[in-house]
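Within every chain, numbering begins at 1; the chains are lettered A, B, ... in the order of the sequence lines, protein sequences first and strands thereafter. This structure is a prediction, so every number in the text was calculated from the model and none was measured.
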Amino acid sequence: MQEEEKSIERDPASVEGREATGPEPPDDGVDVTLIRWTLGLTPAERLDVLQRNVNAILDLRDKLGAD
Amino acid sequence: LERTDFRLVLQVLSRHRVDFVIVGGMAAVLQGAPVATFDLDIVHSREATNLDRLVGALRELDAFYREKPDLRITPDQSKLRGPGHHLLLTSAGPLDVLGAVVTGDTYPELATRTRSLDLGDGIRALVLDLEAVIEIKERLDSERDRAVLPILRRTLAEQRPPKKS
């Protein structure tokens with residue numbers, strides 16, 4: 001069912017409180033440090049990061065298209 | 001070419017009180033998956049009153065079907081009433097409006113598997129939970145979807161608290 005989550009609240013799956021050491025799952029080529037970083041952001045912050053990344057890619061594409 | 005502005009699209013949908021669920025790559029991103037997506041996929045309620053609200057929002061966004069951009073075919077209630085996929089281009093970027101997902105699930109079913117997330121600027125939206133996003137991408141089985149599945153599965157595993165020994 002639905003669960004409420006506010007932008008000022010950290011995701012329950014945040015890296016905060018997670019032990020720095022411990023058994024790591026098998027290496028599947030996925031950068032788990034990046035996942036833990038994004039999990040530490042709020043949903044609103046994740047949207048901002050995506051928007052910035054998309055803008056950067058589109059800017060680059062426009063620049064390459066203009067050259 | 002129109003610039004993508006995810007928050008603007010969501011603001012307009014929210015202001016028109018459209019009932020919808022965010023699905024696909026955006027749903028994964030909002031739940032912490034570090035993947036890129038350039039469009040916003042939503043599944044809308046196909047109730048008559050919601051279709052009116054959706055059409056109002058899409059008009060404000062100058063939406064038209066992007067498959068044949070020269071014809072500028074605009075979505076209306078009769079088109080949006082069915083289970084099909086409406087691949088639109090708006091003044092704030094691409095927007096995919098889906099009557100149903102590949103599993104056949106529509107808004108009422110999907111809404112039971114959502115999280116209500118605060119996306120800032122007064123926007124609160126229902127987002128399909130990551131487990132359901134993974135199930136759908138497994139069914140889609142396209143090369144692009146297969147490529148992101150390991151990241152989504154690992155994100156889901158990281159969301160879950162470690163088991164006590």
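Interatomic distance, B/Glu158 CD to A/Thr33 OG1, rounded to the nearest 0.5 Å: 10.0 Å. Rounded to the nearest 0.5 angstrom, A/Asn53 CG and B/Thr37 OG1 are separated by 12.0 Å.
Of the atoms belonging to B/Val35, it is backbone heavy atoms, and not side-chain ones, that fall under 4.5 Å from chain A. Neither the backbone nor the side chain of A/Asp31 has a heavy atom closer than 4.5 Å to any heavy atom of chain B. Contacts of B/Arg7 with chain A are made by both backbone and side-chain atoms, with heavy-atom separations under 4.5 Å. Within the 4.5 angstrom heavy-atom criterion, atoms from both the backbone and the side chain of B/Asp5 approach chain A.
For B/Arg15, the CZ atom sits in a packed shell: over 12 heavy atoms of surrounding residues, nucleotides or ligands are nearer than 6.0 Å. By the 6.0 Å contact criterion, CD on B/Glu67 is enclosed, its count of non-hydrogen atoms from other residues, nucleotides or ligands being greater than 12. Atom CZ of B/Arg17 has 12 or fewer heavy atoms from other residues, nucleotides or ligands within 6.0 Å.
In terms of heavy-atom proximity, A/Pro43 sits nearest to B/Leu30 at O-CD2, 3.8 Å. Contact record, B/Gly120 with A/Ala44: N-CB, 3.8 Å, taken as the closest heavy-atom pair. What you find for B/Thr4 and A/Asn55 is that their closest heavy atoms are O-OD1, 4.0 Å. A/Leu39 approaches B/Gly32 most closely through the heavy-atom pair CD2-CA, 3.9 Å. For A/Arg46 against B/Val29, the heavy-atom pair with the smallest separation is CD-O, 3.4 Å.
Under the 3.5 Å distance criterion, the side-chain polar atoms of A/Gln51 are matched with a main-chain donor or acceptor of B/Phe6.
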- request: Show your working on side chain to side chain contact (heavy atoms under 4.5 Å, CB included) between B/Met26 and A/Leu50 and close with a plain yes or no.
  value: CA-CA 9 Å; B/Met26 177 62 81; A/Leu50 175 68; 3.5 Å; yes
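Hydrophobic clustering of Ile, Leu, Val, Met, Phe, Trp and Tyr side chains at less than 4.5 Å, counting indirect connections, keeps B/Leu13 apart from B/Leu87.
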